[in-house]
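Each residue takes its place number in the sequence, starting with 1.
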Amino acid sequence: MYTYGYLFYVPITILVSVLFIVNGIVGKRPLAYYLLSLLAIIYINKAIELAIFPFVIADLPEVSIYNNINLSMNLSHLSPVQLVGNVLLTVPIGVGIQYFINTKFMERLVLSILLALSFEFVQLILLLTLKPIDIFFDMNDIICNGMGAVIGLLIAYLMNQVLCKLPIKSNQGLLSYVHQVALNCSKNQKSLDNLNDLKQSKKLLNS
């Protein structure tokens with residue numbers, strides 16, 4: 001049985017941390033970006049743990065991986081816990097992507113859905129390679145994961161509409177970072193533009 005321990009936690013944390021750091025350095029992101037990156041790393045690890053682990057690999061001739069693949073779409077066969085759990089799993093992607101990737105709304109929509117769907121496609125790859133007996137690829141989970149990402153984007157949109165109406169008092173700190181991202185998004189600018197330029201942010205607020 002493979003469980004989510006240090007064997008997976010450490011390399012995934014290192015890999016994701018390097019990606020965030022490189023992105024932050026290239027984009028000249030403020031300290032708040034790195035603080036939020038810590039939360040993102042925790043989420044990524046927890047989401048992987050919930051979506052994939054533990055799983056069992058057993059060489060059983062009577063077990064076929066194709067029994068673990070469901071290509072039919074029928075949400076009614078999911079229990080309420082499965083339905084809600086699969087949706088909630090990817091809501092943070094839609095909410096948080098604007099703080100890490102410098103994009104406009106439509107780009108965030110596409111990226112959020114692709115990231116949300118990646119959980120199921122990783123499970124499919126595991127099925128076809130390692131052939132675990134208790135991992136399932138389900139089209140209904142894909143629908144739920146995609147819905148979660150879209151709901152997260154809608155939550156982020158509502159948050160941005162509220163936050164952008166608040167006055168900017170500083171161009172430093174976590175709250176200012178979140179506020180300026182909200183301001184950019186509400187004006188359909190790229191989410192991470194001009195984060196260190198308080199005067200530009202005030203112009204956007206007053207325009």
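- Between the side chain of Ser64 and the main chain of Tyr66, a donor-acceptor pair closer than 3.5 Å is present.
- Between the side chains of Asn86 and Asp141, at least one donor-acceptor pair of N or O atoms lies under 3.5 Å.
- Aromatic rings from Phe53 and Phe8 are positioned such that their centres are separated by under 6.0 Å.
- Among all heavy-atom pairs drawn from Asp134 and Val56, the shortest one is OD1-N, 2.8 Å.
- For Ser186 (side chain) and Leu183 (main-chain N/O), a donor-acceptor pair under 3.5 Å exists by modelled atom type.
- Both Leu39 and Ile101 are part of a single hydrophobic cluster, where members link through side-chain heavy atoms under 4.5 Å apart.
- In this structure the side chain of His179 reaches within 4.5 angstrom of the side chain of Leu166, judged on heavy atoms.
- Just one of Leu109, Ile93, Thr90 meets the side chain to side chain contact (heavy atoms under 4.5 Å, CB included) condition when paired with Val150; it is Leu109.
- Looking at every heavy atom in both residues, Ser191 comes nearest to Gln98 through OG-O, 2.9 Å.
- Hydrophobic cluster membership is shared by Tyr34 and Phe100, with clusters built from Ile, Leu, Val, Met, Phe, Trp and Tyr side chains linked at under 4.5 angstrom.
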### Task
Show the numbers, then the answer: is there a side chain to side chain contact (heavy atoms under 4.5 Å, CB included) between Gln123 and Asp138?
CA-CA 9 Å; Gln123 291 177 323; Asp138 195 330; over 6 Å; no
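- Using modelled atom types, no side-chain atom of Gln189 and backbone atom of Asn194 make a donor-acceptor pair closer than 3.5 Å.
- Looking only at distances, a side-chain donor or acceptor of Arg29 sits under 3.5 Å from a matching main-chain atom of Gly27.
- Here Phe137 pairs with Phe121 under the ring-ring contact (aromatic ring centres under 6.0 Å, His included) rule; sequence neighbours left out.
- In this structure, the side chain of Glu120 does not engage the main chain of Met139 through any donor-acceptor pair within 3.5 Å.
- Distance OG/Ser118 to CG/Leu124: 12.5 Å, rounded to 0.5 Å.
- The shortest heavy-atom contact between Leu78 and Cys144 is CD1-SG, 3.9 Å.
- Between the side chains of Ser72 and Asn74, not a single donor N or O lies within less than 3.5 Å of an accepting N or O.
- Side chain of Tyr177 to backbone of Tyr99: a donor-acceptor contact under 3.5 angstrom is found.
- Linking ILVMFWY residues whenever their side-chain heavy atoms come closer than 4.5 Å, directly or via other members, leaves Ile142 and Phe136 in distinct clusters.
- With hydrophobic clusters built from ILVMFWY side chains whose heavy atoms lie under 4.5 angstrom apart, Leu130 shares a cluster with Leu7.
- Looking at Asn140, its side chain never comes within 3.5 Å of a backbone N or O of Met73 through a donor-acceptor pair.
- Residues Leu38 and Ile42 form no side-chain contact, since every pair of their non-hydrogen atoms from C-beta on lies 4.5 Å or further apart.
- At a threshold of 4.0 Å, the pair Lys104-Glu107 does not count as salt-bridged, since none of the basic side-chain nitrogens sits closer than that to a carboxylate oxygen.
- Remark: Ile65 CD1 to Leu128 CG distance equals 5.0 Å, nearest 0.5 Å.
- Between Tyr9 and Tyr4, the two ring planes are perpendicular [angle over 60°; tilted spans 30° to 60°].
- The hydrophobic cluster containing Leu163 does not contain Leu158, counting ILVMFWY residues as joined when their side-chain heavy atoms lie under 4.5 angstrom apart, directly or transitively.
- Counting all heavy atoms, side chain and backbone alike, Leu127 lies closest to Pro132 at CD2-O, 3.7 Å.
- Counting heavy-atom neighbours within 6.0 Å of Tyr2 OH, excluding the residue itself, gives a total of 12 or less.
- The backbone N or O of Phe119 sits nowhere less than 3.5 Å from a side-chain atom of Asn145 that would complete a donor-acceptor pair.
- If you take CD1 on Ile97 and CZ on Arg108, they are separated by 8.0 Å, rounding to the nearest 0.5 Å.
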